[in-house]
*Asks:* 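Please read through the structure below; I'll follow up with questions.
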2 protein chains.
Amino acid sequence: MYEMTRETLTRDRILRGALAVADTGGLAALTIRSLATELGVKPMAVYHYVANKDEILDGLVDQVFSEIDLPSPEGEWREEISRRMVSARAALRRHPWAIALMESRRTPGPASLSRHEATLATLRQGGFSVVAAAHAYALIDSYVYGFAVQETSLPIGRPEEMGEVAREIMETFEGAYPYMTEIATEHVMQPGYDFGDEFEIGRELVLDALEVLRRRGG
Amino acid sequence: MYEMTRETLTRDRILRGALAVADTGGLAALTIRSLATELGVKPMAVYHYVANKDEILDGLVDQVFSEIDLPSPEGEWREEISRRMVSARAALRRHPWAIALMESRRTPGPASLSRHEATLATLRQGGFSVVAAAHAYALIDSYVYGFAVQETSLPIGRPEEMGEVAREIMETFEGAYPYMTEIATEHVMQPGYDFGDEFEIGRELVLDALEVLRRRGG
DNA sequence: GGTCATTTCGTACATAGTACGGTAGCGTCA
DNA sequence: TGACGCTACCGTACTATGTACGAAATGACC
């Protein structure tokens, strides 16, 4: 009779539900009980498909990774890696809680592994030596993850409010932090400013750095 | 009679205790009760000095920031920024839980602000335009934070065990992940490999990129 | 020594994860 | 057709956590 009222539960449905809960309410809002409610089920039903909450969290991380476009080893490396970076950043922006999760979960899921593989393939095919590919990989992910960390830990909201925050900083600290005041007034508070735009600038610089690595072979 | 058996509690003592607990047992081990035990006090005593646990976590983040050497605006920018990057990475390595915390706490503490200010000062004094300094700042922190994220999410342990993990990956996935296998056998499993060494390589590349920003003025 | 402010604690409650065993709907075989 | 068992789901309850609330202990000052 279960199929009539709702689809039967699956591990996948659980993960998708967890993703939805985390996206709307943040990681803190994701409890077994809230997840069960989201799924239209009682809490303990979940435990038929996952051993514990940690397993759900591991699954979530992999879910996010699976949203990242894989680079194609046949394509031009710079293009492909650039696309992958943009895609990764977009995914981490859609799911700002993901970075914090990644820190604690050290068991890579299938999507994570595929991503590693595809990226390494693209680099190697693009003319990077093994060692250069290793260096490149560390740099790429450092930049993408680090940017995501900064983006999610920006004081409160998204783009627009930044101006407001900057104004407050200025008013409160003015004399104490002259350089912050300077950058706030002359840059951050300017109309059209969006921290997210920094991503493209840094990305191009990182890609240039990769080219250096590629040419010098490590 | 308290001064005989122990110093009186202070907000600072609480934060230092919390840092100790988190360092030895990870963030999960940091509970009000465990913290109280560490301090030789009953749980509710803590609440006389902090409003809630979140405030402790905010304090912890700032505590970690305070361990990062401030760059000196009078020094040569490349030298100073480099030192700051190394110092930041070292701090984040000492306190691997800090990155995950940073994601959620968006209220910067005094140490965080000082660090921002000193870094901006160094860049501006070093010849970066306002806009270039903004770009530079985003790039620097992205790299440092992102590297820390990667470092803490490395499968399990520190340096040495990496070789072991790589072997397992190889055995398990061999055919499925040829490029990962390649990099594992030819690089990661080589004696003396340490992921941490990647930091210096990426750091130099980032510093080169900063020089580009500086010269072109944004 | 009495009063008061400060600091510490005891108790208790809501919410979290989840162990354990029960139950209900389905297919299978006699 | 009915007994049985398997799978999916649920009810109850235990433990740990953050923390509200008010009591108690301590030290300062008259």
Side-chain angles (χ1 to χ4, degrees), chain A residues 1-61 63 97 100-101 103-107, chain B residues 1-61 63 97 100-101 103-107:
Chain A
M1 199 39 62
Y2 287 112
E3 326 82 272
M4 313 273 340
T5 67
R6 66 186 174 229
E7 306 168 57
T8 175
L9 221 45
T10 60
R11 193 191 145 86
D12 200 63
R13 242 166 67 73
I14 288 175
L15 287 183
R16 285 206 312 276
L19 197 96
V21 174
D23 278 346
T24 56
L27 257 199
L30 177 60
T31 69
I32 297 294
R33 292 174 228 269
S34 69
L35 173 57
T37 305
E38 165 85 16
L39 296 169
V41 116
K42 292 297 154 73
M44 291 312 289
V46 171
Y47 285 97
H48 207 76
Y49 300 89
V50 296
N52 49 43
K53 189 176 175 179
D54 266 19
E55 204 172 299
I56 297 178
L57 297 181
D58 280 337
L60 274 188
V61 172
Q63 199 85 352
W97 41 264
L101 266 192
E103 191 271 338
S104 36
R105 348 251 101 225
R106 5 187 74 119
T107 34
Chain B
M1 194 46 61
Y2 284 112
E3 326 83 271
M4 315 267 346
T5 68
R6 67 188 174 225
E7 307 167 56
T8 175
L9 222 44
T10 62
R11 193 192 145 87
D12 200 65
R13 243 165 67 72
I14 288 174
L15 287 182
R16 285 205 313 276
L19 197 96
V21 173
D23 278 347
T24 57
L27 258 199
L30 177 60
T31 69
I32 297 293
R33 291 179 228 280
S34 69
L35 172 57
T37 306
E38 165 85 15
L39 297 169
V41 118
K42 291 296 155 70
M44 291 312 288
V46 171
Y47 284 96
H48 206 76
Y49 300 89
V50 296
N52 49 42
K53 189 176 176 180
D54 265 18
E55 204 173 298
I56 297 178
L57 297 181
D58 280 337
L60 274 187
V61 172
Q63 200 83 353
W97 41 264
L101 265 193
E103 190 272 336
S104 34
R105 345 253 104 224
R106 4 188 76 123
T107 34

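Every chain is numbered from 1, with letters handed out A, B, ... down the list of sequences.
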*Asks:* Going from CG on L101(B) to CD1 on I56(B), what distance comes out if it is rounded to the nearest 0.5 angstrom?
*Replies:* 11.5 Å
*Asks:* Are the side chains of V50(A) and L15(A) in touch, meaning some heavy atoms are under 4.5 Å apart?
*Replies:*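 Answer no - side chains too far apart.
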*Asks:* Any pair with a residue in residues 33-53 of chain A that passes side chain to side chain donor-acceptor pair (under 3.5 Å), sequence neighbours left out, goes on the list, sorted by first then second residue, please.
*Replies:*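 Listed by first then second residue: T31(A)-S34(A).
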*Asks:* Whole angstrom is fine here: how far is it from CG in L35(A) over to P in dT15(C)?
*Replies:*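 Rounded to whole Å, this separation is 18 Å.
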*Asks:* So which protein nitrogen or oxygen atoms get under 3.5 Å of nucleotides 17-24 of chain D's nitrogens or oxygens?
*Replies:*
from    : atom 1 : to     : atom 2 : distance (Å)
dG18(D) : OP1    : K53(B) : NZ     : 2.5
dG18(D) : OP2    : I32(B) : N      : 2.8
dG18(D) : N7     : R33(B) : NH2    : 2.8
dG18(D) : O6     : R33(B) : NH2    : 3.0
dT19(D) : OP2    : Y47(B) : OH     : 2.9
dT19(D) : OP2    : K53(B) : N      : 2.8
dT19(D) : O4     : R33(B) : NH1    : 3.4

*Asks:* Test of understanding: with salt bridge (Lys or Arg N to Asp or Glu O under 4.0 Å), list the residues that count as partners of D23(B), not counting sequence neighbours.
*Replies:*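 So D23(B) forms no salt bridge (Lys or Arg N to Asp or Glu O under 4.0 Å) with any residue.
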*Asks:* Give the rounded distance in Å between these two atoms: CZ of R13(A) and C1' of dC9(D).
*Replies:*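 R13(A) atom CZ is separated from dC9(D) atom C1' by 13 Å.
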*Asks:* Does a side-chain N-to-carboxylate-O contact under 4.0 Å join E55(A) and R11(A)?
*Replies:*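 Judged by the 4.0 Å cut-off on N to carboxylate O distance, E55(A) and R11(A) do form a salt bridge.
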*Asks:* I want to check one thing: is the phosphate of dC9(D), taken as OP1 and OP2, less than 4.0 Å away from some side-chain N or O of T8(A)?
*Replies:*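 Affirmative; the distance criterion is met.
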*Asks:* How many Å lie between CG on L9(A) and P on dA24(C), as a whole number?
*Replies:* 20 Å
*Asks:* Distance check needed: dA25(D) P versus K42(B) NZ, whole Å only.
*Replies:* 13 Å
*Asks:* Could you state the NE2-C1' distance from H48(B) to dT26(D), rounded to the nearest angstrom?
*Replies:*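 Interatomic distance, NE2 of H48(B) to C1' of dT26(D): 12 Å.
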*Asks:* Between W97(A) and L19(A), is any pair of side-chain heavy atoms under 4.5 Å apart?
*Replies:* yes
